[in-house]
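Below you'll find the structure, written out as structure tokens, and then a few comments.
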Amino acid sequence: MSRITFTLPDGKDLELEAGWPYGEAVRTIGEGLLRNAVAVTVDGVHHPLDEAAEMGGEMLVITKASEEGLDTLRHSTAHLLAWAVQELFPDVKFAFGPNIENGFYYDFDREEPFSESDLERIEAKMTELARTKVGLTREIATPERAKEIFADQPYKLEEIEALGDVELSVYRMGSFTDLCRGPHVPGSGEIKAFKLLSVAGAYWKGDSDRPMLQRIYGTSFWKKKDLTAHLEMLEEAKKRDHRKLGRELDLFGIMEEAGPGLSYWFPRGDMVREQIIEYWKRVHRANGYRTVTTPHISQAALWETSGHMEFYKENMYVFEQDDRPYVVKPMNCPGHILMYKRKTRGYRSLPVRYAELGTVYRAELKGTLHGLMRVRGFTQDDAHHFCTPEQLGDEVDLCIELVKEIMGAFGFDDFKVELSVRDPENKGKYAGTDEEWAMAEASLVAAIEKHSLPYTREEGEAVFYGPKIDVKLVDAIGRTWQTSTIQFDFNLPRRFGVTYTDADGQEKYVYMVHRAIMGSLERFIGILTEHFAGDFPLWLAPEQARVLSVSRDQHEYAEKVAADLRAMGLRVEADTRDEKIGFKIREAEVMHVPRMLVVGGREAESGEVALRVRHEGDQGARTVEAVAEDLLDAVRNRA
RNA sequence: GCCCACGUAGCUCAGUCGGUAGAGCACUUGCAUGGUAAGCAAGCGGUCAGCAGUUCAAAUCUGCUCGUGGGCUCCA
């Protein structure tokens, strides 16, 4: 018997008798590790633990505790789902079933749509099949052999064809066989805590010209406890849904009569919006930006120059005036460029930074609209930096600084950064020179690293006109939202001839940076609503305090207290209806008013208020001055 | 745009087998002036999203349209 050698990540070598299962190699490292092992990878190829090892190589053990381990479980659960579907609906054709961020899905081709009750049946069948505790075994197949196995599975055959003449791997779990790279858990017995969540349509390979399949989504965990926690998070997200809170708290909404994707801001919501705008403008002016305003419509000629009429037309609202085509602006950049170009610019006057809360309209596909998160009319917190190559680093640095400062003001301090660069294989489809791309990328990396933000590099994810950084934030219940973006543009300066005169007297193209921090104001307020669950901090709350009179005799005093507080710049209303105090408190609580100032006979007498804090309850009597000071303090500290 | 589901009063929802609609809250009015999350009573309010069809009869069945939701796709 020959022996084979595995190299472990720590550099140590491990020997194994050829033909023994990989699990034995893992056992040599440790019994405990074997118990927690899911599968192994040798030279990047996945193998089940009970598979006979034939060749040595670099070995990695996938454990349950790792992210990859959980991904593996979810992928295996997708197979279990497919197996259950195969048992219940033998005529179904199978497409793909990968793990995804919080779970997994599997795409099926079936005439009849799956119903909610089908999901219950499938889930019950999955539980039954998982309990058979069969192993998940791997088999190597040539394309010819794979075509035999999947003779009646057109999607698998298409995939085998696409993969070409390579060694394929096939996984079997009970009577279900799938073309799959793996890895998988050792057996169905590992799959215990899972739940099917929804059915939706999905195109084969995401291509709208290909057949529409039925996608079943689900999630899976090692422990019941973790599944329960995840399902509770989903429940919590439902409770925080900004569409629901927007209606309940009388903040914003979409009017059916007016059309889809168009948001309306009611008095309370508009107040929140105004606080954000005021803060945003203050911060920008303090950081060397000049705020500007550009019109909502302009002649289409402007968008011919920018290239939008050619490449973005289906997303634009185009109409006619004076026999000329006009466009409702989908972006603010051309407007800012015109402003930059209104005078000649020398290198001494750069950088120029124009910022605008510019409302833009885009004809998004109807099916993609979603509350405030995806609308057709929205306000970008847009800015454009025009600078020299030497200034690039500082400009990007400023952008990141502002992202941290502004997001920090709203309580977000956990970010995920993605750097999107060119597809190195396909440089031809991008604007700009190699030199420009290299310099832009270097300045982005330098800025990210200076702020020691962890980031991922996404090859080929850059837009054609330049590399970019996208920042995602993590909210109160752990969800991530993409908000900020910092993008270079090597395209528009050339199209519009945006230049400056350098020290050497030469006219050169400016470097142009687009950036948005909140992204869309509407969407950002939607995110904030969900993040705070409707409990906006005092500086944002539409109504910071409500004075509640206990009985008729204090109505006048209540109005006076409210008026005094308003005079100090606070947002305060008085509830002087002839209702019981319990009723008024309930209404104020339901509307998420952070402070309630109860005034009865005693308080009217002493010139005080009884302070009630939302979520904390009755705090006892306070002077009006003390309450005012406390409120003003909270607003100043943006608490 | 595509697949699936849904659309009943301002809101949340009930409505059986097809027999032209109900509740709670909200609103209006009256009584009650009550001390920390819903006082009592009466009243008003619906072309059952819209249009067409089947039927003696449609909220209910069918088709189309609009809107909403879960996704796909798009985000030059």
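Quick note on labels: first sequence line is chain A, next is B, and so on, each numbered from 1.
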Rounded to whole angstrom, note down the [atom1] distance from [N] over to [M].
N	M	atom1	result
B:C25	B:C48	P	25 Å
B:C64	B:G1	P	15 Å
B:A9	B:G43	C1'	15 Å
B:A21	B:A58	C1'	13 Å

How long is the line joining [atom1] of [X] and [atom2] of [N], in whole Å?
X	N	atom1	atom2	result
A:Met591	B:C11	CE	P	15 Å
A:Met373	B:G70	CE	C1'	15 Å
A:Lys366	B:C2	NZ	P	9 Å
A:Asp241	B:U12	CG	P	12 Å
A:Asp575	B:G35	CG	P	16 Å
A:Glu608	B:G35	CD	P	19 Å
A:Arg577	B:U29	CZ	C1'	16 Å
A:Met255	B:A49	CE	C1'	17 Å

**Message:** Using the rule side chain to side chain contact (heavy atoms under 4.5 Å, CB included), only one of A:Ile585, A:Val598, A:Asp575 pairs with A:Arg546; which is it?
**Reply:** A:Asp575

Using a cut-off of 6.0 Å, state whether more than 12 heavy atoms not belonging to [X] lie near its atom [atom1].
X	atom1	value
A:Lys205	NZ	yes
A:Lys313	NZ	no
A:Lys560	NZ	no

Using a heavy-atom cut-off of 4.0 Å across all strands, would you classify [X] as base, sugar-phosphate, or nothing?
X	answer
A:Leu369	sugar-phosphate
A:Gly601	base
A:Gly371	sugar-phosphate

Within 45 degrees of the axis of the six-membered ring of [Y] and under 6.0 Å from its centre: does [X] put its NZ or CZ there?
X	Y	result
A:Arg215	A:Tyr105	yes
A:Arg523	A:Phe378	no
A:Arg362	A:Tyr317	no

**Message:** Base contacts versus sugar-phosphate-only contacts with protein, heavy atoms under 4.0 Å: please encode nucleotides 71-76 of chain B as B, S and - from 5' to 3'.
**Reply:** BBBBBB

**Asked** Tell me, which stems hold RNA chain B, with a stem being 3 or more Watson-Crick or G-U pairs in a row and both distances under 3.5 Å?
**Response** B:1-7 with B:66-72, B:10-13 with B:22-25, B:27-31 with B:39-43, B:49-53 with B:61-65

**Message:** Can you confirm if the aromatic rings of A:Phe108 and A:Phe89 lie within a centre distance of less than 6.0 Å?
**Reply:** no

Do [X] and [Y] sit within salt-bridge range, that is, some charged N less than 4.0 Å from a carboxylate O?
X	Y	value
A:Arg457	A:Glu459	yes
A:Asp241	A:Arg243	yes
A:Glu158	A:Lys93	no

**Asked** When you match A:Pro113 and A:Lys584 each to their closest nucleotide on RNA chain B, which lands nearer the 5' end?
**Response** A:Pro113

Any N/O pairs under 3.5 Å between the protein and nucleotides 36-45 of chain B? List them or say none.
{"residue": "B:U36", "atom": "O2'", "partner": "A:Arg612", "partner atom": "NH1", "Å": "3.1"}
{"residue": "B:U36", "atom": "O2", "partner": "A:Arg612", "partner atom": "NH1", "Å": "3.2"}
{"residue": "B:A37", "atom": "N7", "partner": "A:Arg612", "partner atom": "NH2", "Å": "3.3"}
{"residue": "B:A37", "atom": "N6", "partner": "A:Glu589", "partner atom": "OE1", "Å": "3.1"}
{"residue": "B:A38", "atom": "N6", "partner": "A:Arg586", "partner atom": "NH2", "Å": "2.7"}
{"residue": "B:A38", "atom": "N1", "partner": "A:Arg586", "partner atom": "NH2", "Å": "3.2"}

**Request:** Check whether any side-chain heavy atom of A:Tyr340 sits under 4.5 Å from a side-chain heavy atom of A:His384, and report yes or no.
**Result:** no

